[in-house]
Every structure is written in structure tokens, then in C-alpha cells.
Amino acid sequence: SCQGIPMDMSCSWTAFLRVRSISSLQCPPLGLESLRVKDPQLRASSYKRRGLGPHRGRLNIQSGIEDGDIYDGAWCAQYEDKKQWLEVDARRPTRFTGVILQGRSSIWSWDFILTYKVQFSNDTLVWQPAMNGTKEAVFEGNQDTETPVLALFNESATVARYIRINPQSWYENGTICLRAEVLGCTLPDPNNIYAWQQTEQGTKDKLDFRHHNYKEMRKLMKSVTEACPDITHIYSIGKSHMGLKMYVMEISDHPGKHELGEPEFRYVAGMHGNEALGRELLLNLMQYICQEYKLGNQRIVRLVKETRIHLLPSMNPDGYEMAFKKGSELAGWALGRYSYQGIDMNHNFADLNKVMWDAIEFDFQNNDKSKLINHYIPIPEYYTSEDAFVALETRAVINWMQNIPFVLSANLHGGELVVTYPFDRTEDWAPHDDTPTPDNSFFRWLATVYASTNQVMSNPDRRPCHNENFQRYNNIINGANWHTVQGSMNDFSYLHTNCFDVTVELSCDKFPHASELPIEWENNKESLLIYMEQVHRGLKGVIRDKDTEAGIADAIIKVDDIDHHIRSVADGDYWRLLNPGEYEVTVSAEGYNPSTRMCRVMYEHYPTICDFRLTKTPKQRLKEILAKGGKLPKDLQLRLRQLRLRKLRASTKAINSRRAAASRKARGS
């Protein structure tokens, strides 16, 4: 029988094993990639330096930029011989079923293993090799540095505590370097021999914890609406390049319409199709809200009644389908990241930062701030043309942003553990530089709310995912200070709409195995809920016409000392996210006299209500009356008479002054 993928075999199903997805295997990954396997569980025969130690031999780990970095991209042996090995301690008897191998992540070096052997042990003293009949099996490794390659073992000979990967040949111009994941099932422990080991707790929530392809996602969303028809509604904001609909789940006590004074919130996941955890978390979230609402959970009931929630699980459904078909551990680091057209959607929104900074520089040089804009910056014409390289999915999301007055949002990514906030682009094209918005303090609050309640991010004992230690920043960072991103959704949202948006990097593993989804849900559940509740922090109110009580749309709300304004929406309601404090707020609208008042934001869950009633300017009242062919009221007639008399006096005074000057000049001559 075939034992894996040995080099000296010719089994009819060997090719099938090579492409078989991890989801079809019985045993899950031990967790080298997800960090469930801790650094002390990894040993090696030798290593070149600390940055290439055994703790770096994890599938998909990413290297630092500099060669010689302490965060390098693989385990690399110090010596080039066939006695080198990487060892994994499963900490208890385990039925090992396979190994996934990958080369070194580096922009400077090209290193990968061509063939290798595998050995098993219960005490690290006596080792049993994986066999191919009567011979020691030699497994096929990599042909490049990035593509993960799977080998499966003979089940009857693989129960052990320790496993070693023993390279036999490697790329001729490289050296012995590898990244790995090990597949295995922990054996039952009826006598509690290993009770001392701390095992991760799952979750008590009864949710559908698995990866859902497009059809399964649609089916799950439909089941939620059937279970909670009074508070849910599914709609599509457009289609992907391959024609897959971009479904959104709306959750509200009155789904399908905007309610006066009720803020709109959105979560977006799957912008990068291979970053799959956000997709599953949003599917879990909609199930959870439905279940808890029906059970009368007061926190959830209040959230549903006071907020209109929109959940987009998959912004890039084409990319996800590519990654899903390959499997959670075999998709690598980039397969499915881009749209079907090869577009990175996180660089695909209109670059309004440049428009704003160019305008600021122009106004500074000309000493004219009258035309300076700091919000609702229009999209440049070149971006809206048919020839612009803009993904259909990006255009769909922009239309969605323009049609619904979102107040707060988060964009769910994967591959790191950190929350980033705008701006995402540096002003001078530096690779990274702190580039804050005028609302920096509130953005830092938003990022902290999520990071401090996330069970993994807030764990002081966790190790860095790849090549950045974000714990020194309390797991939050200005996006541009991490790395500059031109055309990000967060910056576009802030500069083109009223909505504040952050990015949440949810896990070290972009596409965690289905077995890890329950604990990932538990890690993020509180963060997802408490972040949504922040939409109620700050000011809210309605801008009305003092005479008619009609709502005034497109009124500009300016907070003193914060150089970023927002606008009221169709019915005159507005929401201004602010930290606790006292603020001077000025509201202006075309045809109305500005109005200013002091508004105090408290620490409570509820926002401070700060309404405004504006009076029309005389000019606006005159225009409206004349447009209707009406007769001017007495107060307006009196006002116009006073204005005419004032104008007449001013002109008479100017004429008399000119005459007097001319007379003096004539006498002098």
C-alpha cells in the first residue's frame, strides 16, 4: 500500500494525494502556523542563527525585510548534510497522518528541500522511520519556496509523541531551509495522564463552525433569515467578475429602511479572498445575533433595536473560491488574495489623500483657505472612467457606501494580530511614517476597544506572528506607520463619506483549519460586539428648518479644533463620533444662518443628543417666495427697505467723499 508520496513509488493515487485538500483529511494540523504549537515544542539539530531557529520553521511564516533579521523566514540548518532535522513535540501520543512542507520566505535567498525522510519517537532516544514497504520512505518536497506540498503517512505506523523531518536533498544553489505544518490526531486520554496540559477551551455557542463556499454561505444566510425573519434581510450590492453576488445580511428591528436617528454600521470581510477567518466570523455573528435575540439577551436586543447592522462576509468571492478549493493549509500565502482580474482591492479605492494634500499645499502657497475641503472629497474623473483599472467589486462597495449613511465600520483581514487605523498612506511616499487623521484620538480608541477585548491580542504571553512585535504598541498602530497603502478602503471611507473605518488583522493564520474556528469565534466574539456598540459614542441629532421643522440634508457639522467635518443625511439626522468631552459645534447649510452650541459627550453607552434648528437667510427666503410668485411678508419687506437705505447711505457717502476730494484738489491747483 502507498504510505505517502515517496520518491520511489508509482501508486495510481499518488497524484490524487498531492492535490487533496486538507478539509478532506481526518486529522487537523497540530498548529505550527496558528501558533498553537509553542516555540519550546520545536527543536532542531542545528540552526544558522536565532532568526533561522526551529521556532521559525512554521508554515507560511513571513520574513523581515533585511537579510539577517531576527524574524527570518524559515528554519535553516547550520550544516549541509543528511543528518539535519526539525523536531516537533506533540506533548502527548498522536496519530501523525502527514506533513506539509514549504521553502524559505526571503527576498534575498532561494532555499527549499527537494526530498526528506520522517521519523517518529516516544522518548527522543529511539526513532522509528516512516517506511515504504521494507525501505525507509523518501518523500518529495518542494520545487519552489512558496507552494505548500503535502505528504501523507501510513496510519498503522505513525502513533508517537515526537516527529522529525529529516532533509535528504535540497536546491543546489541553496541550503537546508524549510517551513512546515504537521497533521495529526491526539489520542484519547481516558486515564487523564496528560491532564496537566492546558488545552484550549472551545465555545458553548451552537454555530456552524466550518468553512463555507459560495453556495454554502448563501444557504446559511438564508437559514438565518428564515429563523429571524423580523430582524433580518438579505440583499446584494453587486456581482464579482465571475458573476457571484456580493450578499449582505442586514440586521435591524425594521430591516429594509433607514430610521431617523438610528446609526448605520457595517462589517466587511474577505477583501482578500484567502483571508478566510473574517468571512466565517461574520457568518457566526449573524447566527449568534439571531439566536440571542430570540432568547431575549438584552445586550443583543438593544443592539438590534438601536442600530442598523450590515454584514458583508465576502467582498472578493472569486478569490475565496480559489483558496477554498485548494484547502486551508495548501492555499499558501497569496492564492486567492487578489480578484479574478488580479487586483488587490485594498489598493483599489480612489486615492483621495493625494487630492486633499495637494489642495492643502496649493492653499498654503496662495494663502487662501476659503476653498479648502477636509471631507466629502469628490472622486477624481479619471477614476470613474470605463478605462480605469477598478474592480467590479470595488465599484460595488463604493456605490454601497454612497447609498447608505454608514457611521462606523471595520474591515476584517488576516495574517497578523493588530488593529490599524487611518491614515493608511504616508504623505511623502515614505515606506512607513505615522500619518494621523484629525480624529486620531478617536481612531486610537476604536482600535483599542477591539484589541484590548480580543483574547489573543490581549494575551501578554503571545509571540509575534511573523516579523513585527505589535505588543509594544498595545496591538494597535497607525496604518501608514506599519506600511504605506495607497487607495485603501479606510482612507477612502473617511475622506469621501461620514464613516470611520479601521482594519482588524484577526489571526496569524490567514486560512485557519475548520477545527480552529470555534476558538477563533471565542477569541473575537466580545470584540465584534463591543466594537459595534461604539457607533453610539459621541453626538447625534437632527438638523431642522426652524420654521417648517423639516430635516435639512447635507448640512455641515463642524467640531471646533477638529479639522474634519461631517454632513447630515437625507432626513437631517447626523452622528458625530467623539470621545468624552465638551465640544463647540457649528452647523451650517446653504441658505441658512449658521448655528453654534456647546455639546458635552458623556461616558455612558448612549450618545449625547445635540439638535439644531436653523433659520433661513433673508436672501434664501426671498428666493423661495419669489420662486412661488408669492407676496413678501411685512418683516421681510421692512428688512429689504433697511438694506436698501443702508446701501443708499453707503453709496451717497462714497459719492460725497469723492466730490470733496475733487474739490480740495481743484483749490490746491
Side-chain angles (χ1 to χ4, degrees), residues 33-36 58-64 71 105 267-282 285 312-316 319-320 323 328 331-334 336-338 344-347 409-425 432 443-444 446-459 462-485 488-491 493 500-512 516-517 519-528 530-531:
E33 181 178 11
S34 67
L35 305 185
R36 281 191 296 121
R58 300 172 180 274
L59 189 72
N60 285 321
I61 202 164
Q62 300 298 296
S63 68
Y71 299 116
S105 167
Y267 273 131
V268 176
M271 171 182 279
H272 296 144
N274 63 330
E275 296 169 14
L277 180 56
R279 174 190 182 106
E280 297 307 322
L281 287 178
L282 292 192
L285 182 61
L312 173 61
S314 188
M315 181 177 167
N316 181 6
Y320 176 83
S328 59
W333 189 249
R337 173 186 176 90
Y338 305 100
D344 186 335
M345 295 181 202
N346 202 36
H347 296 255
S409 173
N411 184 13
L412 306 184
H413 285 240
E416 257 300 349
L417 279 167
V418 68
V419 183
T420 73
Y421 52 90
F423 287 121
D424 288 333
R425 193 201 131 172
H432 58 87
F443 272 117
R444 288 181 59 83
L446 289 173
T448 300
V449 163
Y450 199 102
S452 63
T453 54
N454 181 280
Q455 292 185 14
V456 180
M457 290 188 202
S458 60
N459 180 1
R462 76 172 180 89
R463 57 153 282 171
C465 289
H466 299 283
N467 50 53
E468 293 271 6
N469 183 6
F470 290 111
Q471 285 182 293
R472 57 182 174 165
Y473 307 118
N474 294 317
N475 304 299
I476 69 169
I477 192 170
N478 172 258
N481 204 23
W482 181 16
H483 58 263
T484 187
V485 175
S488 79
M489 185 165 79
N490 293 357
D491 288 2
S493 180
F500 287 26
D501 209 336
V502 304
T503 291
V504 182
E505 298 282 351
L506 294 162
S507 68
C508 302
D509 188 348
K510 287 186 175 184
F511 203 137
E516 298 181 17
L517 294 178
I519 187 64
E520 290 291 2
W521 163 250
E522 207 59 35
N523 289 340
N524 287 277
K525 177 172 69 173
E526 176 60 23
S527 305
L528 290 166
I530 199 169
Y531 185 84

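- Taking 4.5 Å as the limit, some side-chain heavy atom of Val504 sits within range of a side-chain heavy atom of Met457.
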Start with the C-alpha distance between Val502 and Ile476, add both sets of side-chain angles, then the distance that settles side-chain contact (heavy atoms from CB on, under 4.5 Å), and finish with yes or no.
-> CA-CA 10 Å; Val502 304; Ile476 69 169; over 6 Å; no
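- For Asn474 and Thr448, the side-chain atoms include no donor-acceptor pair closer than 3.5 Å.
- Listed for the Asp501 side chain is no donor-acceptor partner under 3.5 Å among the backbone atoms of Ser493.
- Using a 4.5 Å cut-off on side-chain heavy atoms (C-beta onward), Trp521 and Leu528 make contact.
- One finds the OG1 atom of Thr503 at 5.5 Å from the CG atom of Asp424 (value rounded to the nearest 0.5 Å).
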List the steps, then state whether side-chain contact (heavy atoms from CB on, under 4.5 Å) holds for Lys510 with His272.
-> CA-CA 10 Å; Lys510 287 186 175 184; His272 296 144; over 6 Å; no
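- Among Asn274, Asp344, Asn316, the single residue meeting the side-chain hydrogen bond (donor to acceptor under 3.5 Å, both in side chains) criterion with Arg337 is Asp344.
- No side-chain heavy atom of Ile519 sits under 4.5 Å from any side-chain heavy atom of Arg36.
- In this structure, Leu277 CG and Ser34 OG are separated by 11.5 Å, a value rounded to the nearest 0.5 Å.
- Salt-bridge check for Arg58 with Glu33: failed, with every basic side-chain N at 4.0 Å or more from each acidic carboxylate O.
- No hydrogens or angles considered: nothing links the side chains of Ser458 and Ser452 as a donor-acceptor pair under 3.5 Å.
- For Ser105 (side chain) and Gln62 (main-chain N/O), no donor-acceptor pair under 3.5 Å exists by modelled atom type.
- Residues Phe443 and Asn478 form no side-chain contact, since every pair of their non-hydrogen atoms from C-beta on lies 4.5 Å or further apart.
- The distance from the NE2 atom of His466 to the CG atom of Asn60 is 7.5 Å, given to the nearest 0.5 Å.
- For the atom pair NE2 (His483) and OG1 (Thr420), the distance works out to 7.5 Å, reported to the nearest 0.5 Å.
- Side chain of Gln471 to main chain of Asn459: a donor-acceptor pair is present (N/O by atom type, distance under 3.5 Å, no hydrogens or angles).
- Under a 3.5 Å cut-off, the side chain of Glu280 and the backbone N or O of Gly278 do not form any donor-acceptor pair.
- Of the possible donor and acceptor atoms, none in the side chain of Tyr320 sits under 3.5 Å from a partner among the backbone N and O of Met315.
- Using a 4.5 Å cut-off on side-chain heavy atoms (C-beta onward), Val456 and Leu35 make no contact.
- Heavy atoms from other residues, nucleotides or ligands lying under 6.0 Å from NE2 of His432 number 12 at most.
- Classification of the Trp482-Phe470 ring pair by plane angle, with boundaries at 30° and 60°, yields perpendicular.
- In terms of modelled atom types and a separation under 3.5 Å, the side chain of Asn524 and the main chain of Leu506 share no donor-acceptor contact.
- Between the CG atom of Leu517 and the CG atom of Leu281 there is a distance of 8.0 Å, given to the nearest 0.5 Å.
- With a 4.5 Å cut-off on side-chain heavy atoms, Tyr267 and Leu312 do not count as touching.
- Rounded to the nearest 0.5 angstrom, Ile530 CD1 and Leu446 CG are separated by 11.5 Å.
- Side-chain N or O atoms of Thr453 include none that pairs as donor or acceptor with a backbone N or O of Glu526 at under 3.5 Å.
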